[in-house]
Amino acid sequence: MDALEAIFTRRSVRKYSEDPVPDELVIKILRAAMAAPSAGNQQPWQFVVVRRRDLLEEMAQVSPYAGMTREAALAIVVCGDLAREERKGFWVQDCAAATQNLLLAAHALGLGAVWCGLYPREERVEKTRAVLGIPGQVVPFALVPIGYPAETPEPVDRYDSSRVHIDCWEEKV
């Protein structure tokens, strides 16, 4: 699958088969996440791979939108490590880029995944820290349940020319 095909066909997958995901694929997904661009190459990310069924059950409860984590073979929590932050505030963009790469890699490898936001919702961040023992200088950013898809949502073309502005916001006369 080429890059554009992965971008245009990736969809959020919330239903998974019971098949386990091999470690080799998880490592490829993490390599892709860590290949993301970051401000000043600070790479402020940390990743928690969650495979234990009891922890996946608890993670399904950290957000009202994370119930599918119960069925997933695993979940990856993308975190921003503030101790690695050299360019203040850019860790959010860096972790978002890493999360997008992670989603595209999972899709390209035949897996399904969905981005469940944790940050900036403080209650989700704190619940995640408590469940996974994440230290205070590390901020849980996103929860990504992953597994072999048990559903295949159709691609959607979201291009909207009314949201494209050329040279400036409004035409100058």
Side-chain angles (χ1 to χ4, degrees), residues 3-4 6-14 21 25-51 55-56 58-69 72-109 111-147 153 155-156 158-160 162-165 168-169:
L4 287 176
I7 290 167
F8 291 133
T9 61
R10 188 215 61 81
R11 297 288 299 172
S12 294
V13 173
R14 295 175 174 86
V21 175
L25 295 186
V26 175
I27 290 168
K28 283 184 182 182
I29 290 167
L30 291 168
R31 281 185 184 278
M34 292 183 207
S38 71
N41 198 31
Q42 65 184 350
Q43 302 173 36
W45 42 64
Q46 300 280 355
F47 303 88
V48 180
V49 178
V50 182
R51 285 191 179 271
L55 292 177
L56 289 169
E58 285 190 68
M59 289 305 299
Q61 299 172 44
V62 302
S63 164
Y65 307 103
M68 75 293 293
T69 307
L74 67 117
I76 296 176
V77 179
V78 180
C79 301
D81 187 342
L82 302 183
R84 297 184 56 89
E85 181 182 35
E86 295 173 15
R87 289 177 168 72
K88 189 155 181 55
F90 283 96
W91 73 268
V92 175
Q93 294 178 39
D94 298 345
C95 287
T99 303
Q100 181 67 19
N101 275 16
L102 186 157
L103 291 167
L104 290 170
H107 175 57
L109 293 168
L111 298 167
V114 60
W115 182 333
C116 300
L118 300 172
Y119 179 87
R121 300 285 194 234
E122 197 58 37
E123 68 281 0
R124 296 177 194 175
V125 168
E126 290 308 318
K127 285 180 184 177
T128 302
R129 275 194 178 120
V131 171
L132 301 177
I134 295 172
Q137 85 280 1
V138 176
V139 182
F141 174 76
L143 166 66
V144 183
I146 300 171
V156 175
R158 294 182 175 151
Y159 180 78
D160 180 352
S162 71
R163 294 181 180 218
V164 179
H165 310 275
C168 58
W169 194 265

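These numbers come from the heavy atoms of this one structure, side chains and all, not from hydrogens, waters or symmetry mates.
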Close side-chain approach of [X] to [Y], heavy-atom, < 4.5 Å:
X	Y	result
Ile29	Leu111	yes
Trp115	Leu103	yes
Cys79	Val77	yes
Ile76	Leu30	yes
Leu82	Val139	yes
Glu58	Lys127	no
Met68	Ser12	no

So, does Arg124 use its side chain to make a donor-acceptor pair with the main chain of Tyr119 at under 3.5 Å? no
Using modelled atom types and a 3.5 Å cut-off, is there a donor and acceptor pairing between side-chain atoms of Arg14 and backbone atoms of Val114?
no
Considering non-hydrogen atoms only, spot the tightest contact between [X] and [Y] and give its length.
X	Y	value
Thr128	Pro140	CG2-CB, 3.7 Å
Leu104	Ala6	CD2-O, 3.6 Å
Gln137	Ala83	CG-CB, 4.0 Å
Arg11	Val156	NH1-CG2, 3.2 Å
Gly147	Val21	CA-CG2, 4.1 Å

For the [atom1] atom of [X] and the [atom2] atom of [Y], what is their distance to the nearest 0.5 Å?
X	Y	atom1	atom2	value
Gln61	Thr69	CD	OG1	10.0 Å
Arg51	Ile146	CZ	CD1	9.0 Å
Leu102	Trp45	CG	CH2	11.5 Å
Gln43	Asp81	CD	CG	12.0 Å

**Study point:** Neighbour count >12 (heavy atoms, 6.0 Å) for atom CZ, Arg121
**Key:** no
**OP:** Would you please test Val13 and His107 for side chain to side chain contact (heavy atoms under 4.5 Å, CB included) and show each step?
**Re:** CA-CA 10 Å; Val13 173; His107 175 57; over 6 Å; no
Which atom pairs, one a donor and one an acceptor, fall under 3.5 Å between side chains of residues 86-98 and the rest of the protein, sequence neighbours left out?
residue: Asp94; atom: OD1; partner: Ala39; partner atom: N; Å: 2.9
residue: Asp94; atom: OD2; partner: Gln42; partner atom: NE2; Å: 2.9

Inset, instruction - Describe, in one word, how the ring planes of Trp169 and His165 are oriented to each other, choosing from parallel (under 30°), tilted (30 to 60°) and perpendicular (over 60°). - result: parallel
